[in-house]
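Chain identifiers are assigned alphabetically (A, B, ...) following the order of the sequence lines, protein sequences preceding nucleic acid strands; residue numbering begins at 1 within each chain. Small disclaimer: the values here were computed from a predicted structure and weren't measured.
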Protein chains: 2
Amino acid sequence: MKKQVNQPALPPGLDERLARSGLRPTTQRRQVYRVLLQKRDHPSAEEVFIRAKQELPDISMATVYNCLDTLVRCGLVKQVHHDRGATRYCSNMSEHHHFYCDECGGTYDITTDPEEGHPEMRLPPGFRMRGYEIAFNGLCPACATKKR
Amino acid sequence: MKKQVNQPALPPGLDERLARSGLRPTTQRRQVYRVLLQKRDHPSAEEVFIRAKQELPDISMATVYNCLDTLVRCGLVKQVHHDRGATRYCSNMSEHHHFYCDECGGTYDITTDPEEGHPEMRLPPGFRMRGYEIAFNGLCPACATKKR
DNA sequence: CTAGGTGCAAAAGGTTTGCGGTTAA
DNA sequence: TTAACCGCAAACCTTTTGCACCTAG
């Protein structure tokens, strides 16, 4: 059963991206992507589920997880991890970092300009930084050597 | 039942730190801390459990979690989170960041000098960086305002 | 003696999987 | 028509909790 109300504009680029990977543009994938574009507050899978359900009452958690995973693999969405909490999803694909509020738990995108100054100096006005931690990834010396 | 073999030197500072918080220096807490000092490869709770069990065959997972939590609250150990994996534990309390190897999954401490240059430039020789992400924390503008 | 700790087993998130039925191309 | 996808329920993994027993001060 598909609820019928006037829906916001179709997510741009989705169908082509899916097709390029040989995947189908299903109603559920469109809706999950739409949810992520509509309110960019880094919802968890469960929050995506709740929001998607308003349009597609029969959607399941498993499908939400599947769709999110598909979107991540298509390069349309990124996962955001923080502490032990649930994985959160982010449809802002431009390079940025994150600020986690110790008080309310909110997650904010921080667009640092890597050309200038130190990260702790580059926060927008109003944020009060308590600390930061950099997570590098790539190849460790041992694996880098093995690779060539 | 306590296995009796000659043990490495007692963990320094532990008993005093515990006492300062009104906590008891139990055999299990000493052993868990010893494990973390002995091999600083950021073991998960399960890995700590396995290593601690070699000396204390009757120790339980719940106790390992309790002890790790106690050590964290005493400021002797830090938690390290990465992706969806299990929480890892780190006994290096000096300020540092981390490098995660995409190939072998290893976690390495990176001591960046915040006075000089950009983080991506400050990796020790041999590491090949693919990306990095900065996780700030503190108070967001809304919560910072409420606090005063 | 007794508050604080331990070990066990069960429960609680969050996420993944297996499978029969459904749907887009 | 049929491979890809969905919904359901059960499994899984990590972590937390409740509770009876134990132990350090």
J.: Other hydrophobic cluster members with Leu139(B), side-chain heavy atoms of Ile/Leu/Val/Met/Phe/Trp/Tyr under 4.5 Å, chained?
T.: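 Besides Leu139(B), the cluster holds no residue at all.
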J.: Just to verify, what does Lys39(A) make a side-chain hydrogen bond (donor to acceptor under 3.5 Å, both in side chains) with, not counting sequence neighbours?
T.: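 Per chain and number, Lys39(A) pairs via side-chain hydrogen bond (donor to acceptor under 3.5 Å, both in side chains) with Asp41(A).
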J.: Got a sec, which residues hit ring pair (Phe, Tyr, Trp, His ring centres under 6.0 Å) with Tyr89(B), two or more places apart in sequence or on another chain?
T.: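 Ring pair (Phe, Tyr, Trp, His ring centres under 6.0 Å) list for Tyr89(B), sorted by chain: empty.
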J.: DNA chain D: Pro25(B) or Val64(A), which has the more 5' nearest nucleotide?
T.: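 It is Val64(A) whose nearest nucleotide is closer to the 5' end.
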J.: If the condition is salt bridge (charged side-chain N to carboxylate O under 4.0 Å, His left out), which residues does Arg88(A) pass it with, not counting sequence neighbours?
T.: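 Checked Arg88(A) against salt bridge (charged side-chain N to carboxylate O under 4.0 Å, His left out); matches are Glu47(A).
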J.: Test your reading of the model: is there a side-chain donor-acceptor pair from Ser91(B) to the backbone of Leu36(B), 3.5 Å cut-off?
T.: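 Here the side-chain-to-backbone pair exists.
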J.: What pairs meet the ring pair (Phe, Tyr, Trp, His ring centres under 6.0 Å) rule with one or both residues in residues 39-70 of chain B, with sequence neighbours excluded?
T.: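 Applying ring pair (Phe, Tyr, Trp, His ring centres under 6.0 Å) to every pair that reaches into residues 39-70 of chain B, excluding sequence neighbours, yields His42(B)-His98(B).
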J.: Test of understanding: with side-chain hydrogen bond (donor to acceptor under 3.5 Å, both in side chains), list the residues that count as partners of Thr63(B), not counting sequence neighbours.
T.: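 Residues passing side-chain hydrogen bond (donor to acceptor under 3.5 Å, both in side chains) with Thr63(B): Ser60(B).
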J.: Please identify each residue that fulfils salt bridge (charged side-chain N to carboxylate O under 4.0 Å, His left out) with Glu46(A), with sequence neighbours left out.
T.: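 Scan of Glu46(A) (salt bridge (charged side-chain N to carboxylate O under 4.0 Å, His left out), adjacent residues dropped) gives none.
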J.: Would you jot down, in residue-number order, the residues of residues 77-85 of chain B having a non-hydrogen atom under 4.0 Å from DNA chain C?
T.: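 Those residues whose heavy atoms fall under 4.0 Å from DNA chain C, taken from residues 77-85 of chain B in numerical order, are Arg84(B).
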J.: Nearest to the Thr27(A) side chain among dT17(C), dA24(C), dT6(C), which nucleotide is it?
T.: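 Minimum distance to the Thr27(A) side chain belongs to dA24(C).
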J.: What does Thr26(B) touch in the nucleic acid at a heavy-atom separation under 4.0 angstrom: a base, only the sugar-phosphate, or nothing?
T.: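 The residue Thr26(B) makes sugar-phosphate contact but no base contact.
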J.: Between dT6(C), dT15(D), dG7(D), spot the one nearest the side chain of Thr87(B), thanks.
T.: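 Shortest atom-to-atom distance from the side chain points to dT15(D).
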J.: Mark up nucleotides 18-23 of chain C, 5' to 3', with B wherever a protein heavy atom is under 4.0 angstrom from a base atom, S wherever such an atom reaches only the sugar-phosphate, and - elsewhere.
T.: -----B
J.: To the nearest 10°, give me the bend of the helix from dC1(C)-dG25(D) to dA25(C)-dT1(D), comparing the axes of its five terminal pairs at either end.
T.: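 What I find for the helix from dC1(C)-dG25(D) to dA25(C)-dT1(D) is an axis angle of 30°.
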J.: Check ring pair (Phe, Tyr, Trp, His ring centres under 6.0 Å) between His81(B) and all other residues, then give those that pass, not counting sequence neighbours.
T.: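 Expected list: none.
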J.: According to side chain to side chain contact (heavy atoms under 4.5 Å, CB included), who are the partners of Arg73(A), at least two apart in sequence or on a separate chain?
T.: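 Asp69(A).
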